[in-house]
Amino acid sequence: MSDTAANDHAEPSLAEAMALAMRRLAKSVCIVTTRHEGQRIAMAATAIDSLSFDPPSLLVCINKTASIFPAFDAKSDFNINILGQSQQHLANRCNGPIKGEARFGEGAWIDDEVPWLSDAQAVVMCRHDGEFHYGTHGVFIGRVLDIRLHGEVDPLIYADGLYGTTVLRRPQ
Ligand SMILES: Cc1cc2nc3c(=O)[nH]c(=O)nc-3n(C[C@H](O)[C@H](O)[C@H](O)COP(=O)(O)O)c2cc1C
């Protein structure tokens, strides 16, 4: 790694340097939800992006150690709940010591076959439409089935291990 190394003492490994670089890639925070063997499952996630608008599709990267992974591996339908600024507490609940059904203990969740958050900025409802595995993660393609929008554009941002907000400007 060159230029602004993490410290002056030891050169970070390539993986460590990549982690430092990725901390600078701000992402919008989501909660991925699904249902597997009757159980609702939720996980905070940022490794999500649009794939194509024809057909409407996105991809999501899931660590193989995550409790939601078996549901994705079983090709379950899933929802991407895109959080607003006021919903950081829901992201915290879906990442860490609170597990399983208890992750739904807070928030305006609609208990459909695949749960969704009624006041999320947007909910993208998906059918599993492909996957491949790479290193520690599975990469899953979601074919978009339906969309829910709520309120104004107001994303909860995650960068450098911190939550924040955006100031939006028109392109000049
Ligand atoms: C802001 C944020 C974004 C995350 N994004 C992802 C992600 O895209 N993919 C992933 O596999 N884990 C991601 N994680 C980690 C999972 O949310 C966390 O490890 C989760 O608790 C999975 O473990 P568990 O469900 O088995 O407890 C993220 C965590 C945070 C706080």
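Atoms within each ligand, like the ligands themselves, are counted from 1 in listed order.
- Summarising the geometry, atom CG belonging to N92 is positioned 11.0 Å from atom CZ belonging to R103; distances are rounded to the nearest 0.5 Å.
- Distance check: I141 CD1 to L59 CG gives 7.0 Å after rounding to the nearest 0.5 Å.
- Ionic pairing of D111 and R35 is present here: one or more N-O contacts between side-chain nitrogen and carboxylate oxygen are shorter than 4.0 angstrom.
- Sorted by chain and number, the residues within 4.0 Å of ligand 1 by heavy atom are M43, A44, A45, T46, A47, C61, I62, N63, A66, S67, C94, N95, G96, K99, R103, Y158, Y163.
- Relative orientation of the F78 and F72 rings is tilted, given thresholds of 30° and 60° on the angle between their planes.
- Taking the side chain as every heavy atom from C-beta outward, I68 and V32 approach each other to under 4.5 Å.
- Of the charged side-chain nitrogens involved, at least one lies within less than 4.0 Å of a carboxylate oxygen, so that R23 and D160 count as a salt-bridged pair.
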